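Read the numbers this way: they start at 1 and go in the same order the structure lists the ligands and their atoms. Side chains included, hydrogens not; waters and symmetry mates left out as well; all remaining heavy atoms used. Note that the structure is predicted; figures quoted are calculated from it, not measured. Nothing fancy with the numbering, it's 1 onward along the sequence.
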Amino acid sequence: MNFQLLRIDLIAVCPEIFDSVLNSSILKIAAKKNLVKIEVHNLHDYASDKYRHIDDTPYGGAAGMLIKCEPVFRCIESLTAERHYDEIIYMSPDGKKLDQSDSNQLSMLKNIIILSGHYKGIDQRIRDRLITREISIGDYVLSGGELASLVLVDSVVRLLPGVISDSESALEDSFQNGLLEAPQYTKPADFRGLTVPDVLLGGNHKLIDKWRQEQSIDKTRKLRPDLLVD
Ligand code: SAH
């Protein structure tokens, strides 16, 4: 089957952080199967001075350094001159908190750019002029956007058709239907006296589906009642 290739351009100050994650497990397989193309750009390559400075002190005086406009504009403009991008995302703690529906939606796009900040963040003019979407991975502050970008990339790429061989398995994960996943068990059926619920051993798929649905609702009610409020 032919699936549409998703292209992701990652822009970062410390791109070496990406190496091991992009070259392992599902992300590696997805790239190998040509289902995703991930290009990494080092912001330092777009600096205009010979010392490759990409940061400077904030106007008005404040602690820390900010990423300057120049290298980010140069990098993003060089990419958008080549092709249309559906989204230009900035990873930021004050962005929209990532959830499964964001990942589902992004997995259907063709070209996306993901910009990681660093230091104290980036010049506001980058956000005003270039960025189409801002995403946070949670209410805490990381020292750079690289890890956050990887979280986003992983959650999107595993949803691409053909990436996970049993295509249903990604659809059955927690959050896909607004509920947490039911408990799962594998062999043996009895481990040191700890047994697997009988219904799962019986082979009656109607009963198993019913049990899973009930467990799913029960677990969500206990652990994440906020998901049930609508
Ligand atoms: N001064 C900023 C934080 C900068 S943290 C503030 O107070 O909002 C440095 C970089 O790490 C940011 O530019 C962003 O790209 C990334 N980052 C930190 N926490 C993040 C989070 N929770 N989600 C996504 N990106 C985050």
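Annotation: Arg129, atom CZ; neighbour count of heavy atoms from other residues, nucleotides and ligands within 6.0 Å does not exceed 12.
With Ser174 contributing its side chain and Glu181 its backbone, the two residues share a donor-acceptor pair below 3.5 Å. Counting only distance, with no hydrogens or angles, the side chain of Asp154 and the backbone of Leu150 share no donor-acceptor pair below 3.5 Å. With hydrogens and angles disregarded, a donor-acceptor distance shorter than 3.5 Å links the side chain of Ser116 to the backbone of Gly145.
Heavy-atom contacts of His118 reach the following atoms of ligand 1: 9 (C), 10 (C), 13 (O) (cutoff under 4.0 Å). In summary, the atoms of ligand 1 found under 4.0 Å from a heavy atom of Ser92, numbered by their order in the structure, are 23 (N), 24 (C), 25 (N). Of all atoms in ligand 1, listed by their number and element, those nearer than 4.0 Å to a heavy atom of Ala148 are 24 (C), 25 (N).
The closest approach between any non-hydrogen atom of Ile135 and ligand 1 is below 4.0 Å. Ligand 1 has at least one atom lying under 4.0 Å from a heavy atom of Ser143.
Salt bridge status for Lys96 with Asp102: present, with a side-chain N to carboxylate O gap under 4.0 Å. A salt bridge between Arg7 and Asp9 is present, with a side-chain N of the basic residue lying under 4.0 Å from a carboxylate O of the acidic one.
Only the backbone of Tyr119 comes within 4.0 Å of ligand 1, counting heavy atoms alone; no side-chain atom from C-beta on gets that close. With a 4.0 Å cut-off on non-hydrogen atoms, Ile122 does not touch ligand 1 at all.
Of all protein heavy atoms, the one lying nearest to atom 23 (N) of ligand 1 is Ile137 N, 3.1 Å. In terms of protein heavy-atom proximity, atom 11 (O) of ligand 1 is nearest to Gly144 C, 3.1 Å. Considering only non-hydrogen protein atoms, atom 12 (C) of ligand 1 sits nearest to Tyr90 OH, 3.6 Å. Nearest non-hydrogen protein atom to atom 22 (N) of ligand 1 is Tyr140 O, 2.8 Å. If you check which protein heavy atom lies closest to atom 19 (N) of ligand 1, you get Leu142 N, 3.0 Å. Annotation: atom 2 (C) of ligand 1 to nearest protein heavy atom, Lys120 O, 3.4 Å. The protein heavy-atom contact nearest to atom 14 (C) of ligand 1 is Met91 O, 3.0 Å.
Of the N or O atoms in Gly138, one or more lie within a sub-3.5 Å distance of an N or O in ligand 1.
When side chains are defined from C-beta on, Leu180 counts as touching Arg224, because their heavy atoms get closer than 4.5 Å. Using a 4.5 Å heavy-atom threshold, the side chains of Ile89 and Ile113 count as separate.
Between Asn111 and His84, the side chains place no donor N or O within less than 3.5 Å of an acceptor N or O (distance only, hydrogens not considered). Checking Asp209 against Gln213 by side-chain atom types alone, no donor-acceptor pair falls below 3.5 Å.
Nearest-heavy-atom check against atom 26 (C) of ligand 1 across Ala12, Pro93, Ser136, Ala62 picks out Pro93.
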